[in-house]
Number of protein chains: 2
Amino acid sequence: MPKRVDHRERRALIADALMRVAAEQGLEAVSLRHVAAAAEVSPGMVQHYFRTRDEMMVFALAVVRERNEERVRRAVEPLGATPAPRALLRAMLAELLPLDEERRADGRVALAFLAYTAVRPAVAAALHDETAALLAFVAGQIAAGSPLVADGRVDPERSAVGLLAVMEGLGIYVLGGHYPPETALAALDAQLDLIFGADPAR
Amino acid sequence: MPKRVDHRERRALIADALMRVAAEQGLEAVSLRHVAAAAEVSPGMVQHYFRTRDEMMVFALAVVRERNEERVRRAVEPLGATPAPRALLRAMLAELLPLDEERRADGRVALAFLAYTAVRPAVAAALHDETAALLAFVAGQIAAGSPLVADGRVDPERSAVGLLAVMEGLGIYVLGGHYPPETALAALDAQLDLIFGADPAR
DNA sequence: CGTTTTACATTACGACTGCATTGAAAAGAG
DNA sequence: CTCTTTTCAATGCAGTCGTAATGTAAAACG
């Protein structure tokens with residue numbers, strides 16, 4: 001039954017298999033045939049939906065980003081329409097940490113892409129806008145929510161850079177198994193304490 | 001003139017070529033032939049000193065670590081025998097940031113190895129001890145140097161985790177070209193401000 | 001001196017790679 | 001019905017990969 005197939009669905013299916021391969025064996029193991037095997041389809045079909053390997057990679061990178069975005073959206077949702085800045089940031093950033101096996105798998109793929117894009121500046125450029133936007137958002141939340149901003153002890157822009165860097169770095173260390181997720185979570189909270197002032201309620 | 005050759009020197013020469021290849025094209029481009037070409041030697045010679053590709057990789061990873069260690073040592077040296085904790089940490093961590101092209105190249109390789117070890121837990125285990133030691137050292141410096149530790153506003157262990165994570169994360173973002181080195185340096189100083197208390201002298 | 005050992009260079013092999021090509025079958029469109 | 005388009009499957013090809021095997025020349029050794 002050809003003709004009536006959902007292209008997006010097929011591509012998502014294939015990208016899913018790609019993610020599994022990449023999570024288990026790294027991006028260098030991502031080949032047409034491996035992905036096809038993981039998706040339990042023929043190599044020909046993979047080739048039908050992605051004419052080149054690079055095309056497949058670019059798509060997969062987009063999938064990684066969308067997954068994270070969606071994850072964050074769902075994590076923030078229960079906080080209501082106007083959440084407290086600190087709680088909002090904590091929910092967002094904690095969600096982006098590889099705290100369970102699913103996020104660990106995605107994290108490994110994201111890390112692989114980080115290294116991948118580091119030697120392919122053209123691909124990396126697409127990520128800059130996203131980072132800039134996220135940075136601005138975080139800075140805004142800090143400016144709005146931290147009492148330490150007023151007296152100049154905290155600079156929103158610099159702190160936002162630091163906070164995102166902490167999140168990224170914690171993720172890397174957890175993925176490398178250098179310390180357990182709880183340690184990362186504690187460090188994230190400590191960082192928020194530093195930025196927002198210690199929270200005696202915890 | 002065979003026989004009288006320095007094995008370590010040859011291996012270093014080859015590892016050097018490997019680093020260049022990895023920095024420019026990623027670890028997946030690191031093959032016997034590519035490395036041999038970069039080192040301007042025959043593939044046979046590479047094979048003579050590294051019987052397998054994995055062996056070469058393991059050696060290169062060790063080189064990356066030694067380079068960083070040596071770099072930090074040289075950066076800390078001029079501070080004298082008993083440097084102030086904050087200045088010491090600042091010198092160490094700033095040195096580990098990819099602030100110039102040489103460190104950028106090394107950073108790209110390190111990042112590639114991060115992704116590489118993430119799917120090879122056996123190789124990663126060797127790094128754990130190093131991280132633990134570094135973490136303990138940083139925590140010690142914070143405990144000794146931050147006035148905020150006494151009243152409990154700063155926890156040395158958690159802050160150490162956070163500080164190293166910041167450094168790692170900043171490195172990643174700079175490598176990705178998301179912001180310039182100065183931004184990372186500013187964020188690092190801001191982080192030190194948060195941990196040690198703002199330094200009005202700067 | 002001859003013999004052994006070391007240091008490479010060269011070649012070969014099988015497995016894999018991305019990709020182009022070809023083919024067939026199924027479901028519209030007319 | 002025929003014709004065309006889409007969806008896949010299968011095969012082939014040129015190139016790269018890691019690694020093993022073989023060959024050769026030179027220094028060290030007895």
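The chains referred to below are lettered A, B, ... by the order of the sequence lines, with proteins before strands, and numbering in each begins at 1. Predicted model, so just to flag it, every value in this text is computed and none were measured.
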Got a sec, which residues hit side-chain contact (heavy atoms from CB on, under 4.5 Å) with Arg158(B), two or more places apart in sequence or on another chain?
->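 Applying side-chain contact (heavy atoms from CB on, under 4.5 Å) to Arg158(B) gives Ala186(A), Ala190(A), Asp155(B).
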
Whole angstroms only, please: what is the [atom1]-[atom2] distance between [X] and [N]?
X	N	atom1	atom2	value
Glu40(A)	dA9(D)	CD	P	12 Å
Gln25(B)	dC17(D)	CD	P	10 Å
Ile14(B)	dA7(C)	CD1	P	12 Å
Arg51(B)	dG18(D)	CZ	C1'	15 Å
His48(B)	dA20(D)	NE2	C1'	15 Å
Met45(A)	dC19(C)	CE	P	18 Å
Glu28(A)	dC17(D)	CD	P	12 Å
Asp6(B)	dA7(C)	CG	C1'	14 Å

Reckon His7(B) has a side-chain N or O less than 4.0 Å from the OP1 or OP2 of dT6(C)?
->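 For dT6(C), OP1/OP2 do not have a side-chain N/O of His7(B) under 4.0 Å.
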
Do the side-chain N or O atoms of Arg10(B) get closer than 4.0 angstrom to the phosphate oxygens (OP1, OP2) of dC8(C)?
->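 Yes, because at least one side-chain N or O of Arg10(B) sits under 4.0 Å from OP1 or OP2 of dC8(C).
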
Hey, what do you get for CG (Leu114(A)) to CD1 (Ile172(B)), rounding to the nearest 0.5 Å?
->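 Here the rounded value is 5.0 Å.
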
Measure the spacing between CZ of Arg8(B) and CZ of Phe59(B) and express it to the nearest 0.5 Å.
->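 Here the rounded value is 9.0 Å.
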
Nearest heavy-atom pair of Tyr173(A) and Glu168(B): which atoms, and what distance?
->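 Nearest heavy atoms, Tyr173(A) then Glu168(B): OH-OE1, 3.2 Å.
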
Which atom pair, heavy atoms only, marks the closest approach of Arg108(B) to Val119(A)?
->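 Heavy atoms of Arg108(B) and Val119(A) come nearest at CD-CG1, 4.1 Å.
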
In 5'-to-3' order, the base (B), backbone-only (S) or no-contact (-) status of each nucleotide in nucleotides 13-18 of chain C, using a 4.0 angstrom heavy-atom cut-off, is ----BB

Let me know which of Val166(B), Leu170(B), Leu89(B) forms a side chain to side chain contact (heavy atoms under 4.5 Å, CB included) with Gln191(B).
->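 The single option meeting the side chain to side chain contact (heavy atoms under 4.5 Å, CB included) with Gln191(B) is Val166(B).
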
Proximity to the side chain of Gln47(A) - top-ranked nucleotide from dA21(D), dC8(C), dA20(C) |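 Of all the options, the side chain of Gln47(A) is nearest to dA20(C).
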
Would you call Asp6(B)-Arg11(B) a salt bridge at under 4.0 Å N-O?
->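 So Asp6(B) does not pair with Arg11(B) through a salt bridge.
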
